[in-house]
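What follows is a set of notes on a single structure, which appears directly below.
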Amino acid sequence: MTTPPAAHHPTGADPAPESPAGHPAPEPARTARAHSFNAAAAQYAANRPSYPPALFDAIEDLTGRPLTGSRVADIGAGTGIATALLHARGANVIAVEPGDGMAAQFRRALPGVPVIRGTGDDLPLAGDSVDLVTYAQAWHWTDPVRAVPEALRVLRPGGALALWWNTDALDVPWIAEAAARTERHFGIDVSAEKRNVNARAADPTGRLDFTRRTVRWSRRVPVDTHLANIGSHSVFLVHGAEHTAAFLAAEREHLLRAFPDGFVEEVYEVVLLLAETPVRRTRPDGAA
């Protein structure tokens, strides 16, 4: 979860709904989806997947410095899934989250980590104040025309902006079949989530030079945890309880036929986009 959107943005793990003509959904629909997580914050925290250690290894490799001791701003922190992992790596993290429900869940889970209310389009942080700005499952809710300059403003010279998403591994047959059922029921393009995670979509202004890394990982969970996970995505939360419940009930039957022991192996590819800010050079007269 993250900032309420100011404009349609194609990148993201929650595929954007489209009209029959293929155009992005109207802004009220996106705003409703952005705010839908607050009522499902506990479900989100309990069932959403985490992120593998290799993701944070990749961030350290690309930035050339350890997370330990780094000043990090985790934007659209939601319930704190990524924030907790950054904190465990030794980072000095401050979280930014706009939603009431998500922020309340965050405070219950991470009482020792500061969380402040705000959006990526208007960060409540001082300039040149952090080494790393992160967005986990969150950048697609921002207006990048506003969020990119805001990230650059708060980053110190030589700092970095890291964006990442857990995307479904659609080369796994059962996941591809489940995605096809979701597409038919909700009228969305599930494959677009991975296709649209790219530098051009992340920064249409072209100000940032992103490096892309992909980390594949999996987790084995009960069928009901898997269903609660997918049910916490915005497309499910805004379609109405009856419509969503019908899909989840049918999906449970499909999954139990495929996994009679009641456990599924969710396979993900975390797509990471990271861009470093230029180091400002000082002129001989001392001016930047």
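Nothing fancy with the numbering, it's 1 onward along the sequence. Computed from a predicted model, the values in this text were never measured in an experiment.
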How far apart are the closest heavy atoms of Arg117 and Pro124, and which atoms are they? O-CG, 3.7 Å

How long is the span from the CD1 atom in Ile75 to the CG atom in Leu163, to the nearest 0.5 Å? 11.0 Å

Presence of salt bridge, Arg71 and Asp131, under 4.0 angstrom: no

Enter the distance from Asp61:CG to Leu274:CG here, rounded to the nearest 0.5 Å. 10.0 Å

Given Arg216 and Val267, is the side chain to side chain contact (heavy atoms under 4.5 Å, CB included) satisfied, shown in steps? CA-CA 7 Å; Arg216 193 177 179 98; Val267 185; 3.8 Å; yes

Does the pair Arg65/Glu60 count as a salt bridge with the N-to-O cut at 4.0 Å? no

Nearest 0.5 Å, what's the CD1-OG1 distance between Ile94 and Thr83? 10.5 Å

Atom pair CE (Met102) and CD (Gln105), whose distance is rounded to the nearest 0.5 Å: 8.5 Å

Under a 3.5 Å distance rule, please check whether Glu269 uses its side chain to pair with a backbone N or O of Ala169 as donor and acceptor. no

State, without any angle test, whether Thr205 and Asp203 hold a side-chain donor-acceptor pair at a distance under 3.5 Å. yes

Once you measure the plane-to-plane angle for Trp174 and Phe259, does it fall in the parallel (<30°), tilted (30-60°) or perpendicular (>60°) bin? perpendicular

Kindly determine whether Asp128 and Leu155 satisfy side chain to side chain contact (heavy atoms under 4.5 Å, CB included), including the steps that lead there. CA-CA 5 Å; Asp128 294 347; Leu155 282 166; over 6 Å; no

Please test Leu152 against Leu208 for side chain to side chain contact (heavy atoms under 4.5 Å, CB included), starting from the C-alpha separation and ending with a verdict. CA-CA 10 Å; Leu152 292 174; Leu208 299 174; 3.8 Å; yes

Within a strict 4.5 Å, meaning less than it, do heavy atoms of the Arg252 and Asp224 side chains meet? yes

Distance (rounded to the nearest 0.5 Å) between Arg146 CZ and Thr119 OG1: 6.5 Å

What's the shortest heavy-atom distance between Ala73 and Val130, and which atoms? CB-CG1, 4.1 Å

For the residue pair Val145 and Asp121, establish whether any side-chain heavy-atom pair is separated by less than 4.5 Å. no

Between Ser70 and Leu132, is there a donor-acceptor pair closer than 3.5 Å when you use the side chain of the first and the backbone of the second? no

Can you check whether Phe56 reaches Leu86 side chain to side chain, under 4.5 Å on heavy atoms? yes

Closest contact, heavy atoms only, Trp139 versus Thr142: O-OG1, 2.8 Å

Output, in order, the C-alpha distance, side-chain angles, deciding distance and verdict of side chain to side chain contact (heavy atoms under 4.5 Å, CB included) for Leu161 and Thr277. CA-CA 8 Å; Leu161 171 65; Thr277 62; over 6 Å; no

Have Glu265 and Ser218 got a donor and an acceptor in their side chains that come within less than 3.5 Å? yes

So, Arg220 and Asp261, do they make that salt bridge, N to O below 4.0 Å? yes

Is it true that Asp57 and Arg213 have a side-chain N and a carboxylate O under 4.0 angstrom from each other? no

Around Asp209, counting heavy atoms of other residues, nucleotides and ligands shown, do more than 12 lie under 6.0 Å from its CG? no

Would you check if the side chain of Arg212 reaches a backbone N or O of Leu273 as a donor-acceptor pair within less than 3.5 Å? no

Spell out, as yes or no, whether a donor-acceptor pair under 3.5 Å connects the side chain of Arg181 to the backbone of Ala176. no

Does Glu266 reach the side chain of Trp217, with side-chain heavy atoms less than 4.5 Å apart? no

Student check: side-chain heavy atoms of Ile59 and Trp164 closer than 4.5 Å: yes

Say whether, by atom type as modelled, one donor and one acceptor occur between the side chain of Asn166 and the main chain of Tyr51 under 3.5 angstrom. no

Closest approach of Asp74 and Ala136, non-hydrogen atoms and distance? OD1-N, 4.4 Å

If you round to the nearest 0.5 Å, how far is CZ of Phe263 from CZ of Arg219? 12.0 Å

Non-hydrogen side-chain atoms of Phe106 and Val113 separated by less than 4.5 Å: yes

Return the minimal non-hydrogen interatomic distance between Val270 and Pro52, and the atom names on each side. CG2-CD, 3.8 Å

What one should report as the nearest heavy-atom pair of Ala138 and Gly76 is CB-O, 4.0 Å

Any side-chain heavy-atom pair from Val215 and Leu272 closer than 4.5 angstrom? no

Heavy atoms, side chains only, cut-off 4.5 Å: are Leu125 and Ile116 in contact? yes

